[in-house]
Amino acid sequence: MINITLPDGAVRQYEPGVSALDIAKSISEGLARKVLSAKVNGEVIDATRPITTDSTLQLLTWSDKEGKSTMWHSSAHLMAEALEALYPGVKLGIGPAIEGGGFYYDIDLGDRQIGEEDLRKIEVKMNELAKQSSVYVRKEVSKADALQYFTEKQDQYKLELIEGLNDGDITFYTQGGFTDLCKGPHIPNTGFIKAIKLTNIAGAYWRGNEKNKMLTRIYGITFPNQKELDEHLTLLEEAKKRDHRKLGKELELFTFSEKVGLGLPLWLPKGAMLRERLQQFLQKAQMDSGYLPVVTPHIGSKQLYVTSGHYEKYGKDSFQPISTPEEGEEFLLKPMNCPHHCEIYKASPKSYKDLPVRLAEFGTVYRYEQHGELHGLTRVRGFTQDDAHLFCRPDQVKEEFIKVIDLVLYVFKSLNFTDYTAQISLRDKEDRSKYIGTDENWNLAEQAIIESAREKGLNTVVEYGEAAFYGPKLDFMVKDALGRKWQLGTIQVDYNLPERFELEYIGADNAKHRPVMIHRAPFGSLERFIAVLIEHVAGKFPLWLAPTQVKILPISDKSQAYAEKVAELLKNSEIRAEIDDRSEKIGKKIREAELAKIPYMLVLGEKEATDNLVAVRRQAKGDLGTMEIKNFIDLITDEVINRKPFE
RNA sequence: GCUGUUGUAGCUCAGGGGUAGAGCACUUCCUUGGUAAGGAAGAGGUCGUGAGUUCAAUUCUCAUCAACAGCUCCA
């Protein structure tokens with residue numbers, strides 16, 4: 001007998017060779033019907049695999065992340081089965097579950113093209129196959145057999161995958177008439193898949209390489225019942241309503257113009273006010289933390305970027321140099337502020353007592369982004385970084401780095417960004433050719449980041465190959481309405497630029513030393529930050545940021561004079577208020593202010609004018625009753641000072 | 001840049017081989033109304049751009065530009 005330890009600590013005894021599904025059945029039939037896969041000694045496997053030794057066991061169902069993942073991966077196989085049935089000769093690439101939910105399969109349809117109608121047909125076929133409750137059968141195969149199978153099938157993609165695998169590690173899974181190369185795990189049978197939705201078709205390069213053939217990727221998602229699918233679709237609809245591109249237009253925050261150029265946002269008055277609020281907020285925090293403001297031009301001589309190394313790395317993929325008409329001098333639109341700041345550092349000799357020097361600038365930069373990359377405000381060609389560069393002594397690096405983490409966390413906290421991941425972006429483990437600088441410096445920098453993040457107790461993930469070409473980064477990633485991840489705050493340790501610019505300070509020993517540079521931007525860029533902010537708050541900005549805080553709604557033009565008086569009082573208290581003096585009914589004025597997501601509305605009529613009161617209405621909440629003007633001002637001021645969220 | 005989808009009024013969208021329509025917004029007039037849409041009239045578009053097919057193209061075909069989804073990229 002073997003001992004099976006369950007998550008609650010209970011230990012049960014079974015015959016060797018028992019499966020997770022058998023164990024589930026021994027607990028309850030109901031549970032057994034829900035088991036999708038199992039975690040045995042920390043490894044997720046088929047619920048039907050035999051367990052032969054003492055083990056810990058967690059039964060995975062739809063409520064577990066890994067359970068969902070198993071279901072979706074099996075759904076990808078089900079889709080592949082349907083595709084083979086509908087389109088004989090289709091070649092299959094890979095078909096995994098996706099982290100954010102659902103699955104895809106990359107396929108080569110040859111000369112065939114498919115569209116939306118085809119997706120519906122495939123869904124029908126999948127449903128038909130699912131109903132057969134075909135069992136997913138696992139089989140270990142030798143490399144030779146695996147190669148032979150897919151050679152007969154003439155599937156070069158699978159053959160390529162098998163070539164990269166070791167003999168002995170290869171398994172096939174078969175359900176119904178379909179067999180795929182797969183390491184598993186899978187759900188017990190296709191009958192678990194009750195609701196299917198294929199969402200979209202897109203192109204994807206084989207193995208993610210631009211030089212390879214582009215395959216057709218079909219995305220889908222499945223659920224154990226129709227209700228959950230419907231809920232999921234509703235949720236997607238809701239998310240689309242929070243899209244910053246849609247809200248940016250509706251709330252008149254920003255716009256784009258083809259004539260101005262792609263990816264070059266135009267900030268409208270309300271958006272500009274929001275932006276300025278954020279800038280002032282961060283400027284204040286930076287002033288308090290010993291940063292010094294600097295201002296640098298939007299272009300810099302090409303030589304500046306040759307020195308920094310950016311020209312060699314990105315010169316070809318940048319806006320090309322602009323030249324003077326007579327002398328043929330060459331300048332680049334600045335794609336980053338660091339080189340300029342290095343030259344500011346160099347403007348005067350530095351003593352070790354001067355360090356750290358913290359130079360801050362809201363620097364607008366221009367980068368050539370591939371056409372297909374442009375995306376609302378999150379990926380643009382002209383944007384403003386809340387940039388700063390800290391020049392410090394090696395012994396100050398960690399302390400400074402930690403202070404920067406604190407600043408980023410302060411910013412995130414002030415804006416209620418609680419759901420972020422701190423990503424430690426290091427060099428690619430194999431390919432180091434794309435990085436500049438010595439191994440020694442890289443190791444120092446990577447070490448500094450890892451230690452600082454650990455000391456701050458950040459919840460981190462390490463990503464190899466995500467470092468900048470000159471140094472490792474600590475990136476703060478936040479998701480948008482649709483769950484796509486974006487990098488906002490970033491902190492980078494850099495030993496390279498100080499060398500390239502020959503930055504120095506005189507140490508206590510009266511000798512020259514090289515400072516270390518820290519790049520940091522808590523927002524990342526104002527554009528991207530605001531985009532994510534809009535989606536997070538669904539356009540309902542906290543009062544301290546709201547472009548218009550109060551809309552004054554006189555009931556008729558008899559109350560116009562009183563409305564103006566109230567507006568004046570609010571203005572004196574630095575409250576951003578507007579009067580809606582149109583000859584419209586109060587109901588309509590309220591409706592429009594509600595839709596514009598204005599936090600507070602003041603309904604002013606003859607009653608209020610007589611008693612010197614304001615009737616307050618809160619967006620989405622309704623009538624709050626009347627109060628003294630002074631009390632209303634206090635209410636607003638308190639909410640602004642404490643940076644309360646909208647609720 | 002690549003694959004696919006889309007492109008009609010300021011916005012959201014309908015239509016369709018015989019040179020265009022709705023709602024909202026806008027302008028004017030009437031209305032002075034108490035917590036999510038008062039009424040009337042008016043103005044507004046060479047149907048993304050260019051070419052081809054046709055007696056005739058906004059509609060069909062091709063190219064091109066842009067947006068969207070994904071891929072690749074992201075100093």
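Quick caveat, the model's predicted, so the values are computed rather than measured. Letters go in sequence order (proteins before strands), and every chain restarts at 1.
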Are the ring centres of A:F529 and A:F417 closer than 6.0 Å?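 Here the rings of A:F417 and A:F529 have centres that are less than 6.0 Å from each other.
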Are the aromatic rings of A:F632 and A:Y600 close, with centres under 6.0 Å apart? yes
Residues A:S425 and A:Q423: side-chain donor-acceptor under 3.5 angstrom: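 A donor-acceptor contact under 3.5 Å links the two side chains.
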Give the stems involving RNA chain B, where a stem is 3 or more consecutive Watson-Crick or G-U wobble pairs (i with j, i+1 with j-1, and so on) under 3.5 Å.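 Listed by first number, the stems are B:1-7 with B:65-71, B:10-13 with B:21-24, B:26-30 with B:38-42, B:48-52 with B:60-64.
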Does OP1 or OP2 of [N] have a side-chain N or O of [X] closer than 4.0 Å?
X	N	value
A:K249	B:U12	yes
A:K551	B:U35	no
A:R245	B:C68	yes
A:H375	B:A69	yes
A:R484	B:A69	yes
A:H371	B:G1	yes

Give the rounded distance in Å between these two atoms: [atom1] of [X] and [atom2] of [N].
X	N	atom1	atom2	result
A:R591	B:C24	CZ	P	11 Å
A:K211	B:U3	NZ	P	16 Å
A:D580	B:A37	CG	P	14 Å
A:I221	B:G70	CD1	C1'	16 Å
A:H519	B:C74	NE2	C1'	16 Å
A:L377	B:C68	CG	P	11 Å
A:Q619	B:U35	CD	P	18 Å
A:E237	B:A69	CD	C1'	15 Å

Under-3.5 Å N/O pairs linking protein and nucleotides 29-33 of chain B:
{"residue": "B:U31", "atom": "N3", "partner": "A:S583", "partner atom": "OG", "Å": "3.1"}
{"residue": "B:U31", "atom": "O4", "partner": "A:S583", "partner atom": "OG", "Å": "2.8"}
{"residue": "B:U32", "atom": "O2'", "partner": "A:K558", "partner atom": "NZ", "Å": "3.2"}
{"residue": "B:U32", "atom": "O2", "partner": "A:S556", "partner atom": "OG", "Å": "3.2"}
{"residue": "B:U32", "atom": "O2", "partner": "A:D557", "partner atom": "N", "Å": "3.1"}
{"residue": "B:U32", "atom": "O2", "partner": "A:D557", "partner atom": "OD1", "Å": "2.9"}
{"residue": "B:U32", "atom": "N3", "partner": "A:D557", "partner atom": "OD1", "Å": "2.8"}
{"residue": "B:U32", "atom": "N3", "partner": "A:D557", "partner atom": "OD2", "Å": "3.0"}
{"residue": "B:U32", "atom": "O4", "partner": "A:D557", "partner atom": "OD2", "Å": "2.9"}
{"residue": "B:G33", "atom": "N7", "partner": "A:I555", "partner atom": "O", "Å": "2.5"}
{"residue": "B:G33", "atom": "O6", "partner": "A:I555", "partner atom": "O", "Å": "3.3"}

Show the numbers, then the answer: is there a side chain to side chain donor-acceptor pair (under 3.5 Å) between A:E160 and A:Q156? CA-CA 6 Å; A:E160 199 181 317; A:Q156 70 266 35; over 6 Å; no
Tell me what A:Q370 touches on the nucleic acid: a base, only sugar-phosphate, or nothing, going by heavy atoms under 4.0 Å. base
Describe the nucleic acid contact of A:R217 in one word from base, sugar-phosphate, nothing, applying a heavy-atom distance below 4.0 Å. sugar-phosphate
Could you measure between the two C1' atoms, the one in B:U46 and the one in B:A57, and give it in whole Å?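 It works out to 13 Å between them.
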With rounding to whole Å, what would you report as the distance between B:A9 and B:A20 at their P atoms?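 Taking atom P in both B:A9 and B:A20, they lie 14 Å apart.
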Consider the side chain of [X], meaning its heavy atoms from C-beta on, and name the nucleotide among [options] that approaches it most closely.
X	options	answer
A:Y205	B:G1, B:A75, B:U3	B:G1
A:M214	B:C74, B:A75, B:U3	B:U3
A:A202	B:A37, B:A69, B:C74	B:A69
A:K588	B:C71, B:C68, B:G38	B:G38

A:Y314 ring over B:A75 six-membered base ring, under 5.5 Å and 30°: yes
Under 30°, 30 to 60°, or over 60°: which ring-plane class applies to A:F391 and A:H389, parallel, tilted or perpendicular? tilted
Does A:K479 have more than 12 heavy atoms from other residues, nucleotides or ligands lying within 6.0 Å of its NZ?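 Not more than 12 within 6.0 Å, no.
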